[in-house]
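Here is the structure we will look at, set down as structure tokens.
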Protein chains: 2
Amino acid sequence: MGLVKTEIFNEQQNEIALFAKVFGHPARVAILQHLFKIDTCICGDLVIEIGLAQSTISQHLRELKQLGLIKGNIEGTSVCYCIHKENWMQMKKVMHQFLDQDISDETCC
Amino acid sequence: MGLVKTEIFNEQQNEIALFAKVFGHPARVAILQHLFKIDTCICGDLVIEIGLAQSTISQHLRELKQLGLIKGNIEGTSVCYCIHKENWMQMKKVMHQFLDQDISDETCC
DNA sequence: TTCATTAATCGTAATATTGCAATGAAACAA
DNA sequence: TTGTTTCATTGCAATATTACGATTAATGAA
């Protein structure tokens with residue numbers, strides 16, 4: 001199948017999974033880290049920085065953009081990509097809620 | 001290709017991506033939430049709770065176990081699964097470091 | 001022993017993802 | 001205009017993932 005049965009899970013579970021999935025590739029992690037570091041960026045930089053083909057990077061950027069985590073402004077012939085700060089903070093809330101669930105002290109196994 | 005070029009990324013980036021990938025499926029998110037909620041569990045519960053085939057749940061449990069996020073103790077004919085608390089906290093550190101990167105105030109786009 | 005229960009594993013089909021070369025499209029320079 | 005640069009898109013091929021039925025292995029009950 002290779003097809004996720006989204007309909008049997010609730011909205012929150014699907015949202016967490018969507019965010020996590022986009023972080024589930026080291027290239028996208030590296031892109032985001034680079035954008036945080038230099039705080040503004042053009043795509044060409046990333047191709048050199050990361051070491052994948054230009055079309056591959058462009059594809060990863062599109063996925064990040066589709067989820068709203070980055071935005072890109074066209075500046076002449078190049079594109080300025082950066083973190084979408086409001087959406088990043090929103091995403092953080094969702095992920096923290098999941099990661100920071102209470103661990104009770106009861107020992108089971 | 002369908003094959004991630006792990007070798008061009010650093011250890012931290014690959015580790016973040018591995019953790020994120022395992023959270024990138026709503027069934028695994030749901031399994032973890034359930035384990036947190038009831039704090040001890042057997043696999044059969046999960047099959048009813050989640051609504052996927054037993055073999056599918058078993059597969060997801062294996063992935064979570066392989067990453068060390070859960071552990072399973074055999075108890076008679078059933079298996080008691082629960083969160084691996086130490087490893088979960090360790091994972092949280094790694095993910096927080098990534099999610100909580102500083103967002104500078106400079107506006108770029 | 002035989003039967004039932006539980007969960008892991010195997011095999012397989014359907015679909016998704018990754019990566020790249022080739023091509024397009026838009027902006028700018030000469 | 002023509003060429004150049006920059007990035008997006010398209011069209012693959014290779015591999016990975018998801019899901020399930022069937023089977024296996026292990027335990028416990030009768």
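Throughout, a chain's letter reflects where its sequence line sits, starting with A, and its residues are numbered from 1.
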N/O (side chain, A:Thr77) to phosphate O (OP1/OP2, D:dT5) under 4.0 Å: no
Can a donor-acceptor pair be found, under 3.5 Å and without considering hydrogens, that links the side chain of A:Asn14 to the backbone of A:Asn10? yes
Can you tell me the distance, in whole Å, between the OH atom of A:Tyr81 and the C1' atom of D:dC7? 7 Å
Between which nucleotides of DNA chain C, 5' to 3', does chain B make heavy-atom contacts below 4.0 Å? C:dT6 to C:dC20
Taking for each residue the nucleotide of DNA chain C bearing the nearest heavy atom, is the 5' side occupied by B:Leu3 or by B:Gln59? B:Gln59
Taking A:Cys80's backbone N and O only, do any of them form a donor-acceptor pair with A:Asn73's side chain (distance below 3.5 Å, no angle check)? no
Contact residues, residues 9-28 of chain A to DNA chain C [heavy atom, < 4.0 Å]: A:Lys21, A:His25, A:Arg28
For B:Leu3, the rest of its hydrophobic cluster, which grows through side-chain links under 4.5 angstrom: B:Met1
Specify the separation, in whole Å, of atom CD of A:Glu75 and atom P of D:dA8. 13 Å
Atom pairs and distances, donor-acceptor, side-chain atoms in residues 53-60 of chain A, under 3.5 Å, two or more places apart:
residue, atom, partner, partner atom, Å
A:His60, ND1, A:Arg28, NH1, 3.0

Pull out every residue in residues 45-56 of chain A that has a heavy atom closer than 4.0 Å to any atom of DNA chain C, ordered by number, or say none. A:Leu52, A:Ala53, A:Ser55, A:Thr56
Atom pair distance, as rounded to whole Å: CZ in B:Arg62 and C1' in D:dA19: 13 Å
Quick one: pull up CH2 in B:Trp88 and CG in A:Leu99 and give me the separation to the nearest 0.5 Å. 6.0 Å
I need the CD1-P distance between B:Ile42 and D:dG28, as an integer number of Å. 14 Å
For B:Gln13 and A:Gln33, does a side-chain donor sit closer than 3.5 Å to a side-chain acceptor? yes
Starting from the 5' end of DNA chain D, give me the residue, B:Ile74 or A:Ser58, whose nearest nucleotide shows up first. A:Ser58
Quick one: pull up CZ in B:Phe23 and CG in B:Leu69 and give me the separation to the nearest 0.5 Å. 5.0 Å
Atom NE2 of A:His60 and atom P of D:dA8 are separated, to the nearest Å, by 13 Å
Pairwise distance CG(B:Leu35) to CG(B:Leu46) - rounded to 0.5 angstrom: 6.0 Å
Counting heavy atoms not belonging to B:Glu11, are there more than 12 under 6.0 Å from its CD? no
With sequence neighbours left out, what residues match B:Lys92 under salt bridge (Lys or Arg N to Asp or Glu O under 4.0 Å)? A:Asp100
Do other residues, nucleotides or ligands put more than 12 heavy atoms under 6.0 Å from the CD1 atom of B:Ile38? yes
